[in-house]
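Worksheet: one structure, shown below.
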Amino acid sequence: MKKYETLTSKVVPLPKNDVDTDQIIPAQYLTSTSRDGYGQNLFRRLRDTEPDFPLNQDRYKDAEILLTGYNFGCGSSREHAVWAIAGANFKVVIAESFADIFSNNSAKNGLLLVSLPKAVIERLLKRAEKDDLFVTVDLENQVVLVKEGLTTEKHSFEYDPFRKHCLLNGLDDINYILSHQSEIDEFRTRNAKSWTVSPSNSNEENLALAGTKN
Amino acid sequence: MSQVKSTSKPKKHKTGESEVQTPNAMAKQPRNIVQKIWDSHVVSQQEGHPAIFAIDLMLLHEVTSAQAFQTIESRGLKIANPERLLATIDHSIPTRQNRYEIYDEAARSQVETLRANCKRHGVPFMDFDSGNQGIVHVIGPELGVTQPGMTIVCGDSHTSTHGAFGALAFGVGTSEVAHVMATGCLLQEAPKSMKVEFKGKLKKGVYSKDAILKLISIIGVGGANGHVIEYTGEAISKMSMEERMTICNMSIECGARAGLIAPDRVTYDYLRGRRLAPPDSQFLKAVEYWNSLKTDKDAAYDKEVVIDLDQLDPMVTWGTNPSQGCELGQPVPSPKSLPELERKDLEAALAYTKVDAGKSIEGLPFQWAFVGSCTNGRIEDLRIAASILKGNKVASGVTMYVVPGSESVREQAMKEGLDKVFEEAGAQFRMPGCSMCLSMNDDRVPPGERCVSSSNRNFMGRQGPDSITHLASPATVAASAIAGRISSAAKYL
């Protein structure tokens with residue numbers, strides 16, 4: 001995973017609530033077995049039906065921050081939604097709130113999610129829709145900086161300290177969990193249930209499982 | 001066996017003059033079922049860090065697993081507990097009779113990749129014609145591998161279905177699928193808990209699907225974010241396992257991390273005798289443990305909701321997310337009085353579904369009817385649909401798909417002659433899979449056409465680009481298919 005570094009970018013406004021992962025990347029684009037190539041179909045339906053949709057506009061082509069309403073990323077658990085957003089070069093999503101699984105998936109891929117209060121989101125969305133809006137997102141200090149003429153607005157945000165540590169250092173969870181292997185083994189032995197029947201990896205035995213009661 | 005009654009206050013032991021709480025007494029503080037399952041699966045937790053949380057079972061399907069196998073292999077890791085995994089194919093497969101040939105190259109490669117990965121890593125795989133292939137959330141319970149008190153994950157948000165058995169079951173992304181493969185564990189923060197009490201009794205023609213759609217319409221698609229729901233109440237205790245699975249299945253549609261129901265006699269009767277359920281010699285021992293999972297008297301929740309189902313009528317969605325639904329006969333709400341962002345979202349939803357605000361959607365004509373999916377593709381759902389279709393015909397201009405959730409459901413339906421009922425009514429009885437619930441196989445609703453569907457999501461384009469979805473119970477789908485217009489099943493019951 002790449003380390004997160006403070007960035008300043010133009011903001012792409014998406015003034016909607018409850019944007020679901022089917023909107024972010026429709027199911028027909030999920031048949032790939034790779035993590036790459038989803039960026040071109042990010043928000044495919046909106047791109048196809050709304051000529052003015054920001055991702056159809058040249059002026060947003062280098063933008064790395066997406067700005068949207070509440071409960072962003074609800075619905076399907078598809079990590080492809082995060083791969084699509086990251087694949088379209090976004091590094092940060094700022095929203096009023098995020099759905100759970102989407103939030104977990106983002107953290108595992110170095111995509112920073114920032115929650116700001118409703119009133120701030122609404123004001124920033126309005127500004128971004130009217131004019132180009134540039135924003136700096138600093139995870140180390142947990143602040144979003146918005147330049148307005150000569151003054152700078154400062155909005156602090158909360159962020160889970162463990163996730164922050166992982167994001168700033170580019171760490172993923174596997175090694176952390178593996179470093180507790182002996183505790184895991186101990187736990188498994190202690191909690192084994194005498195009644196467990198495991199499914200088999202033999203096709204013949206699986207065939208024999210057929211015809212269970214209904 | 002004697003049972004210690006828990007009280008709202010921890011028990012205290014006298015030692016000399018002062019009273020101290022023993023660790024043992026602390027453990028007797030009343031806990032709800034979510035907290036009990038959580039506590040029993042925390043392997044360890046460092047301060048300020050998420051818990052290392054043990055997963056008992058991971059289900060795999062072709063769409064969200066290939067990249068996880070790649071992660072394992074590229075890092076030279078092994079699958080920690082292949083016997084704790086169970087894989088099948090459901091999302092991208094065809095449901096026509098000859099389903100072995102997958103025309104779409106990417107979909108075919110996805111299926112072949114899973115087959116090869118399972119073989120290479122010794123993962124149990126339920127292939128076509130194994131007798132157990134089907135939608136992952138249908139086959140787990142059917143095989144008896146889904147059990148109370150377990151932690152279950154899958155790269156699929158409808159994993160919450162398994163909560164009907166009193167398991168803590170939730171969807172994860174592909175990265176976390178890889179974590180479980182490599183370690184058998186996940187890093188997790190303790191969830192908040194939410195109690196949903198369904199009071200009263202469902203009227204005839206009203207089903208658990210209507211109850212869960214009602215809840216979602218009240219609390220919204222983000223109403224339970226961060227929480228695990230425990231469903232309780234008179235209505236729940238009277239439901240069959242199939243009905244309970246429909247309720248838990250849609251927990252994610254109000255944002256819940258999971259939804260579950262405490263195990264009881266209904267659960268145990270369903271499980272007993274299934275091939276991967278505890279064998280008879282161990283069953284009572286298992287039941288004793290499962291009974292201990294129930295929420296203690298006086299245990300608290302972070303949030304509580306009570307819904308009275310006595311007067312509920314069948315629900316149908318009119319918008320583009322599962323919370324945008326109402327009872328048949330009620331008017332679709334008007335966006336006029338809403339704040340700007342909400343108003344625009346609602347206007348966009350109504351423009352997409354071409355539904356008029358202020359009017360009921362009863363009587364709206366449509367072209368497609370679908371009974372199936374992990375929400376409503378079980379044998380009881382097929383029985384209800386068949387009981388309504390029997391002796392009737394699907395209206396001309398409507399194509400109806402009935403897609404069993406698994407090979408085993410299909411076989412049972414055929415044993416009961418339901419296939420004949422569907423065929424005589426003019427509906428297509430197809431092979432098992434996710435089918436028309438999501439547009440990633442051949443079964444799609446064409447652009448601009450409307451489908452009344454027993455599935456779980458009415459998002460824009462969910463059933464095919466520019467398709468329109470109305471979610472409803474299998475009974476409402478069947479009755480509507482006969483009329484060719486959205487209709488109540490009341491007159492057939």
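Labels below follow one simple rule: chain letters A, B, ... track the order of the sequence lines, proteins then strands, and each chain is numbered from 1. Keep in mind it's a predicted model, so treat the numbers as computed, not measured.
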Counting only heavy atoms closer than 4.5 Å, note whether [X] contacts chain A via side chain, backbone, both or neither.
{"X": "B:F53", "value": "neither"}
{"X": "B:Q70", "value": "side chain"}
{"X": "B:N441", "value": "neither"}
{"X": "B:V42", "value": "backbone"}
{"X": "B:L114", "value": "neither"}
{"X": "B:N456", "value": "neither"}
{"X": "B:R378", "value": "neither"}
{"X": "B:V221", "value": "both"}
{"X": "B:Y289", "value": "side chain"}
{"X": "B:E380", "value": "neither"}
{"X": "B:I252", "value": "side chain"}
{"X": "B:R108", "value": "neither"}
{"X": "B:S65", "value": "neither"}
{"X": "B:Q147", "value": "side chain"}

Is the closest side-chain heavy-atom distance between A:H165 and B:H49 below 4.5 Å?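 A:H165 does not reach B:H49 side chain to side chain.
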Could you check if a side-chain atom of A:T196 sits within less than 4.5 angstrom of a side-chain atom of B:M150, using non-hydrogen atoms only?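 The answer is no, as the side chains (C-beta and beyond) never meet within the 4.5 Å cut-off.
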Let me see the working for B:Q46 and A:H180 under side chain to side chain contact (heavy atoms under 4.5 Å, CB included), right down to the final yes or no. CA-CA 11 Å; B:Q46 273 171 262; A:H180 293 74; 3.4 Å; yes
Output, in order, the C-alpha distance, side-chain angles, deciding distance and verdict of side chain to side chain contact (heavy atoms under 4.5 Å, CB included) for B:N225 and A:F98. CA-CA 9 Å; B:N225 272 1; A:F98 298 92; over 6 Å; no
Only pairs of heavy atoms separated by less than 4.5 Å count here; which of [options] has the most with chain A?
{"options": "B:G171, B:A107, B:A286, B:A66", "answer": "B:A286"}
{"options": "B:P50, B:G461, B:G144", "answer": "B:P50"}
{"options": "B:R75, B:H158, B:E253", "answer": "B:R75"}
{"options": "B:G48, B:A54, B:A80", "answer": "B:A54"}
{"options": "B:G226, B:A348, B:G255", "answer": "B:G226"}
{"options": "B:H179, B:E83, B:E407", "answer": "B:H179"}

Anything under 30° is parallel, anything over 60° is perpendicular, the rest tilted; go ahead and classify A:W195 against B:W290.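 Correct class here is perpendicular.
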Measure across [X] and [Y] and return the closest heavy-atom pair with its distance rounded to 0.1 Å.
{"X": "B:Q67", "Y": "A:S32", "value": "NE2-O, 3.6 Å"}
{"X": "A:N191", "Y": "B:S40", "value": "OD1-O, 4.4 Å"}
{"X": "B:S109", "Y": "A:T33", "value": "OG-CG2, 4.3 Å"}
{"X": "A:S77", "Y": "B:G155", "value": "OG-C, 3.5 Å"}
{"X": "A:L178", "Y": "B:A182", "value": "CD2-O, 4.0 Å"}
{"X": "B:S175", "Y": "A:N109", "value": "OG-ND2, 4.0 Å"}

Full working for side chain to side chain contact (heavy atoms under 4.5 Å, CB included) between A:N17 and B:K344: CA-CA 10 Å; A:N17 292 320; B:K344 281 186 177 163; over 6 Å; no
Quick one: what part of [X] sits under 4.5 Å from any heavy atom of chain B, side chain, backbone, both or neither?
{"X": "A:P26", "value": "neither"}
{"X": "A:I184", "value": "both"}
{"X": "A:Y29", "value": "neither"}
{"X": "A:N104", "value": "side chain"}
{"X": "A:D48", "value": "neither"}
{"X": "A:R45", "value": "side chain"}
{"X": "A:R190", "value": "neither"}

If you count heavy-atom pairs under 4.5 Å with chain B, which of [options] comes out on top?
{"options": "A:Q28, A:Q23, A:E183", "answer": "A:Q28"}
{"options": "A:I174, A:D172, A:L125, A:N105", "answer": "A:I174"}
{"options": "A:G75, A:P161, A:S198, A:P15", "answer": "A:G75"}
{"options": "A:S76, A:A99, A:C74, A:S103", "answer": "A:S76"}
{"options": "A:H80, A:E122, A:R78", "answer": "A:H80"}
{"options": "A:T21, A:L30, A:D18", "answer": "A:L30"}

Measure the spacing between [atom1] of [X] and [atom2] of [Y] and express it to the nearest 0.5 Å.
{"X": "B:C185", "Y": "A:D173", "atom1": "SG", "atom2": "CG", "answer": "11.5 Å"}
{"X": "B:Q110", "Y": "A:T31", "atom1": "CD", "atom2": "OG1", "answer": "6.0 Å"}
{"X": "A:K108", "Y": "B:L187", "atom1": "NZ", "atom2": "CG", "answer": "6.0 Å"}

Using a strict cut-off of less than 4.0 Å between a Lys/Arg side-chain nitrogen and an Asp/Glu carboxylate oxygen, indicate whether B:E342 and A:K16 qualify as a salt bridge.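 Result for this pair is no, no salt bridge flagged.
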Do the charged groups of B:R257 and A:D100 touch, with an N to O distance under 4.0 Å?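 A salt bridge links B:R257 with A:D100.
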Give the intermediate values and the outcome of side-chain hydrogen bond (donor to acceptor under 3.5 Å, both in side chains) for residues B:N321 and A:D20. CA-CA 9 Å; B:N321 75 44; A:D20 57 77; over 6 Å; no
Look at atom NZ of A:K126 and say whether more than 12 heavy atoms of other residues, nucleotides or ligands are closer to it than 6.0 Å.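 No, the 6.0 Å shell around NZ holds no more than 12 heavy atoms from other groups.
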Crowded around A:K118 NZ? As in, over 12 foreign heavy atoms under 6.0 Å?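 It does: A:K118 NZ has more than 12 such atoms within range.
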Hey, is the main chain of A:V197 close enough, under 3.5 Å, to the side chain of B:R275 for a donor-acceptor pair?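 Answer holds: no.
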Could you tell me whether the side chain of A:E79 and the main chain of B:T174 form a donor-acceptor pair under 3.5 Å?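 Yes; judged by distance alone, with no hydrogens or angles, the pair exists.
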